[in-house]
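Structure first, then comments.
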Amino acid sequence: MEIALESNGFFMGIEYLATFCCGMVGGLAAVRKGYDVFAILVTTWLTALGGGIIRDVLLGALPPAGVSDKGLVVTALLAAVAVAVIHPEINKLKWSMLSLDALALGLYAVNGTSKAMMCHMSGTTAVFLGMFTALGGGLIRDMLINEVPMVIRDRHWYAVPSAVGCVLTVLVCKGVNLGVVSFAAEVVLDVLIVALMVGMRLISVIFDIQLPGALVRHNTYLPSEAKYLKRPVIHPDRDDDDTDRDGRQ
């Protein structure tokens, strides 16, 4: 059984492009920190392939594709060389890099989830592994260069599109397993899922749509506060007739 988005040369080319661009995003972060070439190389490689390495290790698919797939490794290394040389130009291509990063996010999420389903994982496990594939590289990059991870720092839709894409991919894979969805339909649906994820990410940035934070409150309600009515203490030997004329005990 093969992954739908890896079924032909076109989608493989898209995956290599996503790996290259995702690697450049990671390498650019190292350049901004003023790190040397080796640090740029390591950061680029881990950003581009770190999520897939996490996925393969958890699936027991060893050695991981991030070290065994020569094409992906060479692509990541070329991205490191490119960002070390043309980082001023790359730094100015904000929207282009954002779009390609969103494309990489979508492709990694769909491919990671599909690979987990191929290994007979449950739907929940596949969703988590797909998200690890999509978000793991950026998480490793940010921890490596001592930054707050993007998945936490960016209040725009970043993890949300990957979660939505992974859930939809699980549904498509289950449809394929049941014989309801053909292979050709799977390819089309996977492409639509990637497009949905890219659209969600870009729309959230363009229109500044952010996830809400904690509920803003100014009052606290604790059981120990005086505003709560205290329960009366009723003594078992109390005499209801033992009251004075004012109605007090």
Should [X] and [Y] count as side-chain neighbours, where that means a heavy-atom distance under 4.5 Å?
{"X": "L168", "Y": "L196", "answer": "yes"}
{"X": "L144", "Y": "V42", "answer": "yes"}
{"X": "L129", "Y": "K115", "answer": "no"}
{"X": "L135", "Y": "S162", "answer": "yes"}
{"X": "L211", "Y": "W157", "answer": "yes"}
{"X": "V81", "Y": "L77", "answer": "no"}
{"X": "Y16", "Y": "L78", "answer": "no"}
{"X": "D142", "Y": "V148", "answer": "no"}

Using the rule given for side chain to side chain contact (heavy atoms under 4.5 Å, CB included), can you reason through V172 versus V110, listing the C-alpha separation, both sets of side-chain angles and the distance that settles it, and then say yes or no?
CA-CA 10 Å; V172 171; V110 172; over 6 Å; no
Within [range] or reaching into it, pairs that qualify as salt bridge (charged side-chain N to carboxylate O under 4.0 Å, His left out) - sequence neighbours excluded:
{"range": "residues 31-51", "answer": "K33-E147"}
{"range": "residues 71-86", "answer": "none"}
{"range": "residues 95-112", "answer": "none"}

Co-membership, hydrophobic cluster, residues [X] and [Y], 4.5 Å side-chain:
{"X": "M150", "Y": "I145", "result": "no"}
{"X": "V37", "Y": "M24", "result": "no"}
{"X": "V164", "Y": "I193", "result": "yes"}
{"X": "V167", "Y": "V151", "result": "yes"}
{"X": "L202", "Y": "L103", "result": "yes"}

Using 0.5 Å steps for rounding, measure from the [atom1] atom of [X] to the [atom2] atom of [Y].
{"X": "E89", "Y": "S96", "atom1": "CD", "atom2": "OG", "result": "13.0 Å"}
{"X": "N111", "Y": "M118", "atom1": "CG", "atom2": "CE", "result": "10.0 Å"}
{"X": "L62", "Y": "D56", "atom1": "CG", "atom2": "CG", "result": "7.5 Å"}
{"X": "L105", "Y": "L100", "atom1": "CG", "atom2": "CG", "result": "12.5 Å"}
{"X": "I53", "Y": "L72", "atom1": "CD1", "atom2": "CG", "result": "10.0 Å"}

Please name the pair of heavy atoms, one in [X] and one in [Y], separated by the smallest distance, quoted to 0.1 Å.
{"X": "A126", "Y": "V170", "result": "CB-CG2, 4.0 Å"}
{"X": "T47", "Y": "T43", "result": "OG1-O, 2.6 Å"}
{"X": "S114", "Y": "D190", "result": "OG-OD2, 4.5 Å"}
{"X": "G26", "Y": "R141", "result": "CA-CD, 3.5 Å"}
{"X": "A76", "Y": "L49", "result": "CB-CD1, 4.2 Å"}
{"X": "P64", "Y": "V57", "result": "CG-CG2, 4.0 Å"}

Side chain to side chain contact (heavy atoms under 4.5 Å, CB included) involving H156 - partner list, sequence neighbours excluded:
D154, R201, S204, V205, D208, Q210
Excluding sequence neighbours, so at least two apart, what forms side-chain hydrogen bond (donor to acceptor under 3.5 Å, both in side chains) with S99?
none
Set of residues satisfying side-chain hydrogen bond (donor to acceptor under 3.5 Å, both in side chains) with respect to T19, sequence neighbours excluded:
Y108
Using a cut-off of 6.0 Å, state whether more than 12 heavy atoms not belonging to F128 lie near its atom CZ.
no
Tell me if a side-chain donor or acceptor on W45 pairs with a main-chain N or O of V67 at a distance below 3.5 Å.
no
V83 vs I40, side chain to side chain contact (heavy atoms under 4.5 Å, CB included): CA-CA, chis, key distance, verdict
CA-CA 8 Å; V83 77; I40 295 172; 3.7 Å; yes
